[in-house]
Number of protein chains: 2
Amino acid sequence: MSTEEACSTFLVRHAWLSLRGVVAEALVEHDLSVAQFASLLLLRESPGMSVADVARKVSTARQSANEMLGGLERAGLVERRQHPTDRRSQQIFLTPTGSARLEAALPTVQAVEDRLSAGFTESDLAVVSAWLHRMAGASAGINEEISTL
Amino acid sequence: MSTEEACSTFLVRHAWLSLRGVVAEALVEHDLSVAQFASLLLLRESPGMSVADVARKVSTARQSANEMLGGLERAGLVERRQHPTDRRSQQIFLTPTGSARLEAALPTVQAVEDRLSAGFTESDLAVVSAWLHRMAGASAGINEEISTL
DNA sequence: GCAAGAACGTCAGGTACCTGTCAACTGTCG
DNA sequence: CGACAGTTGACAGGTACCTGACGTTCTTGC
């Protein structure tokens with residue numbers, strides 16, 4: 001409609017802000033921030049990641065990830081162990097408490113997302129996912145484009 | 001694929017971060033930040049908006065908008081005038097310089113977006129837009145849901 | 001006409017995030 | 001083996017953004 005919405009970039013931004021708000025609201029009762037929830041989700045799938053691994057996965061700075069993991073550690077949801085061979089890095093694991101917290105929060109978040117996507121068909125959602133993946137890979141594509149110049 | 005990407009929220013976040021980076025890179029040659037570009041775009045469509053109007057439109061705090069507009073004003077791209085009747089608010093207008101800057105930057109940004117969306121059909125993009133609009137309206141839908149509780 | 005409420009721009013303070021940097025450590029290549 | 005580039009976690013410093021509050025001005029209901 002409007003000129004600003006013609007730029008899909010800002011539409012994506014509004015969608016992100018809105019989703020973030022909704023998810024954050026759904027997570028307050030579980031005492032988790034959105035970033036923390038994402039990290040727990042990540043650690044469930046790939047236990048033993050390093051701080052740097054987490055930072056790369058969630059697209060944030062190493063330091064930000066470190067601080068956020070510090071919060072999770074202080075809350076007893078996560079624990080850091082020394083890497084068995086690599087003495088500079090540390091492995092991060094979910095504690096039973098953290099795992100339970102995640103399992104409790106996950107359905108809440110997914111319920112919110114499912115409710116929001118209600119009315120869209122499977123193929124619609126597949127198209128959306130493909131487009132979002134394309135956009136998410138855009139910054140990686142920059143390097144490729146630079147090399148072609 | 002991965003568990004984290006199963007949550008569309010984080011996929012949207014990555015898309016936004018990536019798009020933001022690409023657009024920011026396209027805007028450096030025009031000496032504009034992404035937020036400034038969005039504001040110029042907004043002001044071209046609706047001249048005479050107040051600071052609070054801009055803040056609402058770009059989903060940011062009044063103060064943030066004020067600071068950013070201050071930058072645009074210092075750069076001579078925008079000018080503030082006293083509102084003719086409402087003495088507490090001020091109207092913001094594009095200067096000729098600002099208008100020219102926007103016209104120069106706009107094709108660059110749209111070229112980037114078009115290139116990224118290449119390969120998607122019109123109907124695909126319509127679905128994506130509809131989904132994003134739905135998500136963007138999610139936070140507005142919260143109130144509605146609260147009222148149903 | 002006037003009191004109550006809301007909205008405007010602005011100031012102060014805090015939070016979250018990033019960049020830049022460092023020492024320690026790993027892997028690689030001559 | 002030993003120099004060297006790359007990586008990891010941590011430290012300081014800076015930036016951008018937000019919340020909360022204020023004085024002023026508009027608007028609404030009585």
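A note on names: the letters A, B, ... follow the listed sequences, proteins ahead of strands, and every chain is numbered from 1. We use all heavy atoms of the structure for the numbers below, so side chains are in, but hydrogens, waters and symmetry mates are not. Note that the coordinates shown come from a computational prediction; the quantities given were computed from them, not determined experimentally.
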Engineer: Answer with base, sugar-phosphate or nothing: what part of the nucleic acid does B:A52 contact at a heavy-atom distance below 4.0 Å?
Structural biologist: sugar-phosphate
Engineer: Tell me whether the OP1 or OP2 atom of C:dC18 has a side-chain N or O from A:T60 closer than 4.0 Å.
Structural biologist: yes
Engineer: Check this for me: does the side-chain of A:R88 come within 3.5 Å of the base of D:dT7 through a donor and an acceptor?
Structural biologist: yes
Engineer: Does a side-chain N or O from A:R87 land closer than 4.0 Å to OP1 or OP2 of C:dA24, or not?
Structural biologist: no
Engineer: Does A:F93 have A:R81 sitting over its ring (NZ/CZ under 6.0 Å from centre, angle to axis within 45°)?
Structural biologist: yes
Engineer: Does C:dT10 have its OP1 or OP2 closer than 4.0 Å to a side-chain nitrogen or oxygen of B:R80?
Structural biologist: yes
Engineer: How many whole angstroms separate atom CG of B:L69 from atom P of D:dC17?
Structural biologist: 12 Å
Engineer: If you look at every strand shown and take non-hydrogen atoms under 4.0 Å, does B:Q63 touch a base, only sugar-phosphate, or nothing?
Structural biologist: base
Engineer: So, is A:R56 near the phosphate of D:dT8, with a side-chain N or O under 4.0 Å from OP1 or OP2?
Structural biologist: yes
Engineer: Between B:A35 and A:D86, who's closer to the 5' end of DNA chain D by nearest nucleotide?
Structural biologist: A:D86
Engineer: Distance check: side-chain N/O of B:N66 vs OP1/OP2 of C:dT10, anything under 4.0 Å?
Structural biologist: yes
Engineer: Can you tell me if A:S64 touches the phosphate of C:dA16, counting only side-chain N or O atoms and a distance under 4.0 Å to OP1 or OP2?
Structural biologist: no
